[in-house]
Amino acid sequence: FSVCRYGYGAGELNPSEHSNVLRVMELERKNSALESDEIMVIEANIDDMSPQFFEYIFDRLLQAGAYDVFIENVVMKKSRPGFLLKVLSNGENSDKISHLILTETTSLGVRFYPASRLKLSRKIENLNFRGRKVRVKLAQLPGGGLKVTPEYEDCKALAKESNLSISKIYDEIKRKAEIKWCSRD
């Protein structure tokens with residue numbers, strides 16, 4: 001970070017054990033490989049629903065515009081095991097996502113709050129692999145270099161077609177992508 005501007009202020013009280021002064025700084029991020037944005041975190045406690053339903057609910061939430069959906073195991077009141085469903089989204093989708101959570105799960109309420117997020121700058125590229133185009137995510141690392149991540153759905157489809165393990169497909173695509181994009185100087 002670099003300091004853009006700063007300011008000082010002093011309160012009217014004069015306590016003997018510490019100073020009554022405040023310093024505030026506005027910082028600017030120097031690294032262009034990192035991006036930041038504001039997201040909405042929407043969450044709900046669930047303790048009386050079959051975990052089998054989560055796959056369907058995850059799909060519905062992602063189709064509704066969620067950036068990410070995940071659950072955490074938690075212990076609820078009266079020591080009951082439960083889940084904390086968390087959804088990351090933009091603020092515009094929070095009503096739609098909240099409605100889905102309340103209608104598709106057994107939860108009786110949702111919480112939401114804004115959060116700041118820092119992420120790597122990235123893009124999707126296509127790679128020819130075994131006669132097929134597959135998507136590869138390329139993320140710019142701070143200080144240079146790329147992080148290469150093959151698209152899961154493309155790996156899954158290729159694994160089904162080829163009868164090879166998904167891990168073998170993933171590793172081969174990643175290796176080929178690293179040769180293509182990471183060996184450039």
Side-chain angles (χ1 to χ4, degrees), residues 1-4 25-44 46 51 54-74 83-94 96-98 100-101 110-185:
F1 293 97
S2 63
V3 177
C4 294
M25 290 187 289
E26 181 180 344
L27 303 174
E28 181 178 72
R29 185 171 293 110
K30 282 185 173 182
N31 193 329
S32 62
L34 298 174
E35 299 174 356
S36 65
D37 62 0
E38 295 292 318
I39 59 169
M40 189 64 68
V41 179
I42 306 163
E43 59 186 28
I46 300 172
F54 280 121
E55 179 187 14
Y56 172 78
I57 293 163
F58 278 29
D59 288 344
R60 294 285 315 270
L61 291 166
L62 291 167
Q63 288 170 4
Y67 298 145
D68 201 359
V69 181
F70 55 96
I71 56 173
E72 297 175 9
N73 293 317
V74 294
F83 303 98
L84 175 59
L85 172 66
K86 286 198 175 200
V87 181
L88 307 182
S89 179
N90 64 32
E92 297 162 8
N93 289 334
S94 56
K96 184 178 0 176
I97 287 171
S98 296
L100 271 171
I101 292 171
V110 297
R111 294 176 296 280
F112 48 94
Y113 50 91
S116 297
R117 157 172 93 153
L118 196 59
K119 58 187 181 176
L120 295 175
S121 177
R122 58 192 155 214
K123 63 182 178 177
I124 302 289
E125 292 284 349
N126 289 318
L127 178 73
N128 290 318
F129 182 77
R130 296 184 180 230
R132 189 170 172 187
K133 284 196 185 299
V134 294
R135 292 168 292 165
V136 178
K137 191 180 303 174
L138 303 175
Q140 187 68 47
L141 294 169
L146 289 175
K147 183 183 285 190
V148 176
T149 309
E151 178 60 43
Y152 169 76
E153 291 298 330
D154 293 352
C155 293
K156 183 170 90 171
L158 275 168
K160 285 180 179 178
E161 288 174 13
S162 67
N163 223 12
L164 295 171
S165 73
I166 193 167
S167 63
K168 182 170 178 51
I169 295 290
Y170 181 94
D171 290 343
E172 284 183 27
I173 292 171
K174 183 174 174 124
R175 191 170 24 261
K176 187 172 181 181
E178 285 173 341
I179 290 169
K180 180 172 183 171
W181 286 292
C182 296
S183 59
R184 298 177 185 170
D185 289 335

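Values in this document were obtained by computation on a predicted structure and should not be read as measured data.
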- Using the side chain to side chain contact (heavy atoms under 4.5 Å, CB included) rule, take Val87 and Phe112 through it: C-alpha gap first, then chi angles, then the decisive distance, then the call. CA-CA 9 Å; Val87 181; Phe112 48 94; over 6 Å; no
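- Annotation for Ala44 and Ile101: closest pair CB-CG2, 3.7 Å, computed over non-hydrogen atoms.
- Of all the heavy atoms in Tyr67 and Ser89, the pair that sits closest is CE1-C, 3.6 Å.
- Residues Glu161 and Arg132 are paired through a salt bridge, judged by an N-O separation under 4.0 Å between the basic side chain and the carboxylate.
- A distance-only check finds no donor-acceptor pair linking the side chain of Asp171 to the backbone of Lys174 [under 3.5 Å].
- Put simply, CG on Leu61 and CG on Leu88 are 11.0 Å apart, with the number rounded to the nearest 0.5 Å.
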- Might you work through the side chain to side chain contact (heavy atoms under 4.5 Å, CB included) test for Arg130 and Leu164, ending with a clear yes or no? CA-CA 12 Å; Arg130 296 184 180 230; Leu164 295 171; 3.2 Å; yes
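- Between Arg135 and Glu153 there is a side-chain heavy-atom pair separated by less than 4.5 Å.
- Counting heavy atoms from C-beta on, the side chains of Phe54 and Ile46 come closer than 4.5 Å.
- By the neighbour-count criterion of 12 heavy atoms within 6.0 Å, atom CD of Glu55 is sparsely surrounded, having that number or fewer from other residues, nucleotides or ligands.
- The shortest distance between side-chain heavy atoms of Phe83 and Asn73 falls below 4.5 Å.
- Closest approach of Ser165 to Ala159, counting heavy atoms only: C-CB, 4.3 Å.
- Few gaps surround CZ on Phe129; more than 12 heavy atoms of other groups in view lie less than 6.0 Å from it.
- Looking at heavy atoms from C-beta onward, Lys133 lies in side-chain contact with Asn128 at the 4.5 angstrom threshold.
- Gln140 contributes a side-chain N or O that, together with a main-chain N or O of Gly145, makes up a donor-acceptor pair within less than 3.5 Å.
- For the atom pair CG (Leu138) and CG (Leu120), the distance works out to 11.5 Å, reported to the nearest 0.5 Å.
- Residues Leu84 and Phe70 have side chains not in contact (no heavy-atom distance under 4.5 Å, counting atoms from C-beta outward).
- Rounding to the nearest 0.5 Å places CG of Leu158 at 12.0 Å from CD of Glu151.
- For the pair Ser116/Glu38, a side-chain contact is recorded, criterion being any heavy-atom separation below 4.5 Å from C-beta on.
- Atom CD1 of Ile42 is separated from atom NZ of Lys96 by 11.0 Å, given to the nearest 0.5 angstrom.
- Comment: Lys176 does not engage Glu172 in a salt bridge, judged by the lack of any side-chain N to carboxylate O separation of less than 4.0 angstrom.
- Taken to the nearest 0.5 Å, the CG atom of Leu85 stands 10.0 Å off from the CD atom of Glu72.
- When all heavy atoms of Leu146 and Trp181 are compared, the pair lying nearest together is CD1-O, 3.8 Å.
- Between Glu35 and Ser121, the closest heavy-atom pair is OE2-OG, 3.2 Å.
- From Asp154, atom CG reaches atom CG of Asn126 across 8.5 Å, with rounding to the nearest 0.5 Å.
- Under the 4.5 Å side-chain criterion, counting only non-hydrogen atoms from C-beta, Pro142 is in contact with Leu34.
- Closest of all the heavy-atom pairs between Met40 and Pro114 is SD-N, 3.8 Å.
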